[in-house]
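Predicted model, so just to flag it, every value in this text is computed and none were measured.
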Amino acid sequence: MVQARGVPRPRVILSLLLVQTMFGTLPLSAQTAMRWIPPVGMTTLRALGAAVVLGVLAGRRLARVAPRDFGWLVLFTFLGIVGNQLLFLAGLARTTQINASVLITTIPVFTVAFALLLRRESGSAWKLGGVGVGLAGALLLARVERFDLSDRVVAGNLMVIANSSLWSLYLVLARPVLQRVPPLVMLAWMFLLGAAVLLP
């Protein structure tokens with residue numbers, strides 16, 4: 001079967017659906033796990049586990065990263081692993097599952113904003129409209145009317161928003177680097193570096 005240009009393959013669509021399913025259930029599963037494991041401990045365990053698995057899968061390809069890209073990997077480790085995951089789990093421990101689910105829907109908004117500010121994308125009414133429709137749908141599904149605005153969750157809410165902004169910036173900055181560094185190698189290095197930072 002000939003694949004039309006610009007049309008995602010079914011495997012890509014299924015992969016994205018699986019990722020979003022895991023992403024959507026993370027507030028529930030993580031908050032449950034944090035009854036026994038604190039946020040820093042959980043972030044460290046996630047980074048260690050991923051570093052081992054991805055490091056083994058990447059194998060010798062880890063040595064093929066050009067020196068000019070290694071600085072990017074260090075930055076991506078902070079944005080996508082250490083800062084992002086620590087802020088999300090620490091924020092989730094201080095807010096509600098509903099709040100976290102609603103606030104992570106700001107990721108597309110931050111992503112578009114960073115892409116426009118850094119001139120990585122050109123703005124259009126269709127793009128902005130699409131983000132608005134997607135955000136409205138996510139808020140509806142997350143039952144935004146149950147969003148908690150009390151003072152006790154402000155710190156947690158701000159941490160989740162900061163997490164979303166770091167992840168969005170990572171998405172925008174990583175795209176051109178991914179044309180030179182294979183995704184598996186990039187992720188393996190990010191988790192290896194992240195584990196090294198978090199372990200102490």
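- No chain of hydrophobic side-chain contacts below 4.5 Å, direct or via other Ile, Leu, Val, Met, Phe, Trp or Tyr residues, connects Leu169 to Leu117.
- The structure places CG of Asn99 at 10.0 Å from CG of Leu92, a figure rounded to the nearest 0.5 Å.
- Among Leu87, Ile104, Thr106, the one residue that satisfies the side-chain contact (heavy atoms from CB on, under 4.5 Å) test with Val160 is Ile104.
- Inter-residue side-chain proximity for Phe78 and Met190 is flagged as unmet; no heavy-atom pair is nearer than 4.5 Å.
- Within the model, atoms CG of Leu62 and CG of Leu73 stand 10.0 Å from one another, a figure rounded to the nearest 0.5 Å.
- One hydrophobic cluster, built from ILVMFWY side chains closer than 4.5 Å, cannot hold both Leu198 and Met34; they sit in different ones.
- Contact of the Val82 side chain with the Gln85 side chain is not registered, since no non-hydrogen atoms from C-beta on lie closer than 4.5 Å.
- By the rule that hydrophobic residues join a cluster once side-chain heavy atoms approach within less than 4.5 Å of another member, Leu48 and Leu187 end up as members of separate clusters.
- Atoms CD1 and OG1, from Ile37 and Thr43 in turn, are 10.5 Å apart once rounded to the nearest 0.5 Å.
- One hydrophobic cluster holds both Phe110 and Leu171 under the rule that ILVMFWY side chains link at heavy-atom gaps under 4.5 Å.
- Met159 and Ile81 fall within the same hydrophobic cluster, defined by Ile, Leu, Val, Met, Phe, Trp and Tyr side-chain heavy atoms under 4.5 Å apart, directly or through other members.
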Any chance you could lay out the side chain to side chain contact (heavy atoms under 4.5 Å, CB included) test for Val177 and Phe76, step after step, and finish with the verdict?
CA-CA 10 Å; Val177 181; Phe76 297 159; 3.8 Å; yes
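- Atom-to-atom distance recorded for Met186:CE and Leu54:CG is 13.0 Å, nearest 0.5 angstrom.
- Remark: Gln31 CD to Leu89 CG distance equals 10.5 Å, nearest 0.5 Å.
- Looking only at side-chain heavy atoms (C-beta outward), Leu86 and Pro39 stay at 4.5 Å or farther from each other.
- For Trp167 and Phe88, the gap between ring centers reaches or exceeds 6.0 Å.
- Residues Leu79 and Asn84 fail the side-chain proximity criterion, which asks for heavy atoms closer than 4.5 Å.
- Expressed to the nearest 0.5 Å, how far OG of Ser164 lies from CD1 of Ile107 amounts to 4.5 Å.
- The two residues Arg94 and Ala90 have their closest heavy-atom pair at NH1-O, 2.8 Å.
- Residues Met42 and Ala30 share a closest heavy-atom pair of CE-O, 3.7 Å.
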Determine, stepwise, if the pair Trp189 / Val181 fulfils side chain to side chain contact (heavy atoms under 4.5 Å, CB included).
CA-CA 11 Å; Trp189 267 116; Val181 181; over 6 Å; no
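- Between Leu178 and Pro183, the shortest heavy-atom distance links the atoms CD2-CA, 3.8 Å.
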Side chain to side chain contact (heavy atoms under 4.5 Å, CB included) between Thr77 and Leu192, intermediate numbers included:
CA-CA 9 Å; Thr77 298; Leu192 285 166; over 6 Å; no
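- Heavy atoms only, all atoms of each residue included: Ala58 and Ala188 are closest at CB-CB, 4.0 Å.
- Within 6.0 Å of atom CZ in Arg175, 12 or fewer heavy atoms from other residues, nucleotides or ligands are found, so the atom counts as exposed in its surroundings.
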